[in-house]
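What you see is a predicted model, and the numbers here were worked out from it, not measured in a lab. One-based numbering along the sequence shown. The basis for the numbers below is simple: all heavy atoms, side chains too, and nothing from hydrogens, waters or symmetry mates.
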Amino acid sequence: MRLFYLLVFFLTTSSLIAQSDQQEIPDYVLIGKDMNQLRLMRNEIFARYGYIFKSDDLKEYFSKKIWYAPEHETVDHLLTEIDKGNIKRILHFENSLKNTNSENLFYEKTESYIKEFIYNDNLIVKSLEISYMNHYKLGKLKLLKEETYFGGEGTPTSIFVETIKPRNEYWSTTKYFNDIRFYSQFFRVVKYGCCGDENYFEFYNLNDELILQSNEKYFFIEVPNSKLELFAGFNNEIIDKGKLILGKLTLSSLDGEINSIVFKAESEDDYENMIPWFTPEIEIVKKENQDEIKNDNKLVLWSKNEAEGINMIDGFSLKITFKDDSSSRKCIVDIPVISGSLLGSTKKEIFINVELKE
């Protein structure tokens, strides 16, 4: 009787973060902003509610924002207490700058978005980073990250993320802490077996559809900044002495199986000498220097960054080694992934004979 386990895996790149603009803006976010930056921050609160600006420069600035929909002459009745507190706080910093010689405030300003300046006798260092990435549900994301240091002590980071090319609807969030992480779809894995070498796994997607069957060694292929995720594994469960079948190598995506290769022994003697639970040995082999193999079973395809279709995936192979338990004979088969499928084939199932040699 096989033992049964239920495992849940969480993979990097998706779980939506709820919009969270309703937060008090900390002082460290406002410190170091100039008059124009503070004015835009304050008026963005009104813009979020669709305020129709009278000022030409504000009208022009916010009209370029994908989320801005001018429809209200006044939005005072829509403002929350947090909004009102943030407006008051920003105005306080604007008024402080009016009474301060800003030229004496900055200690150094470089072109790399790093600012150093003195505020209330404290040396403050701010670094600003803007990056872009693709998200499989949200679309093209712009991430603006600002980190502030008071002397040697770090304070939480201010991070703003928004979609600039949404796949569905516009989305944004503001967070005042160290990081924002996006997690991908999770999938369910059922584990059967015991004693290590007899373990057998079944992978299911969010729709509870079987996408992969594999022995202990399976592979995850991650495509950065893409909705694509691939899985590969060797299934010993289909062994058939009468047909000399040793097992099946399968390549799958979250949508299901892409294609597979069934391996057959050359003779009954060869079949008997290759113990199914102990062969083959499988490893993943990268072709591009920038790609990265982690923990022997995860391949990060940086060379295919932002790939939009399975047919764009290649640049790696699965190296399979079958061994004769009674001699030094073996068979090494290199299976390249070409245009998103094993051997670049459009056939769902391919048969390959395993010929053992000294």
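Atom CD of Glu71 has more than 12 neighbouring heavy atoms from other residues, nucleotides or ligands inside a 6.0 Å radius. The environment of NZ in Lys330 is sparse: at most 12 heavy-atom neighbours from other residues, nucleotides or ligands sit within 6.0 Å. Taking a 6.0 Å sphere around NZ of Lys88, one finds it holds 12 or fewer heavy atoms contributed by other residues, nucleotides or ligands. Atom NZ of Lys287 has more than 12 heavy atoms from other residues, nucleotides or ligands within 6.0 Å. The local environment of CD in Glu266 is crowded, with over 12 non-hydrogen atoms from other residues, nucleotides or ligands closer than 6.0 Å. The number of heavy atoms from other shown groups lying within 6.0 Å of CH2 (Trp302) does not exceed 12.
Counting all heavy atoms, side chain and backbone alike, Lys243 lies closest to Lys264 at O-CE, 3.2 Å. Taking every heavy atom of both residues into account, Ala307 and Ser226 meet most closely at O-OG, 2.6 Å. Closest heavy-atom contact between Phe46 and Arg42: CD1-O, 3.5 Å. Taking all atoms of both residues into account, the shortest heavy-atom contact from Ile293 to Leu299 is CG1-CD1, 3.8 Å. Of all heavy-atom pairs between Ile258 and Gly340, the closest is CG2-O, 3.4 Å. Listed here is the closest heavy atom pair of Tyr68 and Ile52: OH-CA, 3.9 Å.
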Set out, in order, the CA-CA distance, both residues' side-chain angles and the distance that settles ring-ring contact (aromatic ring centres under 6.0 Å, His included) for Phe220 and Tyr218, then state yes or no. CA-CA 7 Å; Phe220 169 51; Tyr218 55 86; 9.5 Å; no

Audit row: Met41, Arg89, side chain to side chain contact (heavy atoms under 4.5 Å, CB included) steps and yes/no = CA-CA 11 Å; Met41 287 183 69; Arg89 190 173 293 105; over 6 Å; no

Start with the C-alpha gap between Ile31 and Phe93, add the side-chain angles, then the distance that decides, and say whether side chain to side chain contact (heavy atoms under 4.5 Å, CB included) holds. CA-CA 8 Å; Ile31 293 172; Phe93 275 83; 3.7 Å; yes

(Q) Apply side chain to side chain contact (heavy atoms under 4.5 Å, CB included) to residues Ile352 and Ile335 and explain how you reach the verdict. (A) CA-CA 11 Å; Ile352 290 182; Ile335 307 294; 4.0 Å; yes

Side chain to side chain contact (heavy atoms under 4.5 Å, CB included) evaluation trace for Ile284 with Ile221 = CA-CA 10 Å; Ile284 196 163; Ile221 297 94; 4.0 Å; yes

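Residues Phe316 and Val223 share a hydrophobic cluster, clusters being chains of Ile/Leu/Val/Met/Phe/Trp/Tyr side chains in contact below 4.5 Å. Under a hydrophobic clustering in which Ile, Leu, Val, Met, Phe, Trp and Tyr are joined whenever their side-chain heavy atoms come within less than 4.5 Å, directly or via other members, Ile338 and Val333 fall into different clusters. In the hydrophobic clustering of this structure, Val29 groups with Leu91; members are Ile, Leu, Val, Met, Phe, Trp, Tyr whose side-chain heavy atoms approach within less than 4.5 Å, directly or through other members. Under a hydrophobic clustering in which Ile, Leu, Val, Met, Phe, Trp and Tyr are joined whenever their side-chain heavy atoms come within less than 4.5 Å, directly or via other members, Ile282 and Val285 fall into different clusters. Cluster membership for Ile261 and Leu251, using ILVMFWY side-chain heavy atoms within less than 4.5 angstrom, is shared.
In this structure, Phe263 and Phe234 have tilted ring planes: the angle between them lies in the 30° to 60° band. Relative ring orientation between Phe203 and Phe201 is described as tilted, the plane-to-plane angle lying within the 30° to 60° band.
Salt-bridge formation is detected for the pair Lys241/Glu272: a Lys NZ or Arg NE/NH1/NH2 atom is positioned less than 4.0 Å from an Asp or Glu carboxylate oxygen. Using a cutoff of 4.0 Å between basic side-chain nitrogens and carboxylate oxygens, Lys304 and Asp291 are not scored as salt-bridged. One finds a salt bridge joining Arg48 and Glu44 here, because a Lys/Arg side-chain nitrogen approaches an Asp/Glu carboxylate oxygen to under 4.0 Å. Remark: Lys54 engages Glu73 in a salt bridge, criterion side-chain N to carboxylate O under 4.0 Å. Under the 4.0 Å criterion applied to side-chain N and carboxylate O atoms, Lys294 and Glu222 are not assigned as salt-bridge partners.
Remark: side-chain polar atoms of Asn215 are not paired, donor with acceptor, to backbone N or O of Asn236 under 3.5 angstrom. Side chain of Lys348 to backbone of Glu257: a donor-acceptor contact under 3.5 angstrom is found. With hydrogens and angles disregarded, no donor-acceptor distance shorter than 3.5 Å links the side chain of Ser252 to the backbone of Phe231. Although no hydrogens or angles enter the test, the distance criterion places no donor-acceptor pair under 3.5 Å between the side chain of Glu229 and the main chain of Leu254. A donor-acceptor pair under 3.5 Å links the side-chain atoms of Asn259 to the main chain of Leu342, judged by distance alone. Remark: side-chain polar atoms of Asp324 are paired, donor with acceptor, to backbone N or O of Ser326 under 3.5 angstrom.
The closest side-chain donor-acceptor pair between Arg39 and Asn36, if any, does not fall under 3.5 angstrom. A donor and an acceptor atom, one from each side chain of Asn43 and Tyr61, are nowhere located under 3.5 Å apart. Using modelled atom types and a 3.5 Å distance limit, the side chains of Glu358 and Ser328 yield a donor-acceptor pair.
The salt bridge (Lys or Arg N to Asp or Glu O under 4.0 Å) test with Glu281 singles out one residue from Lys323, Lys319, Lys217, and that residue is Lys323.
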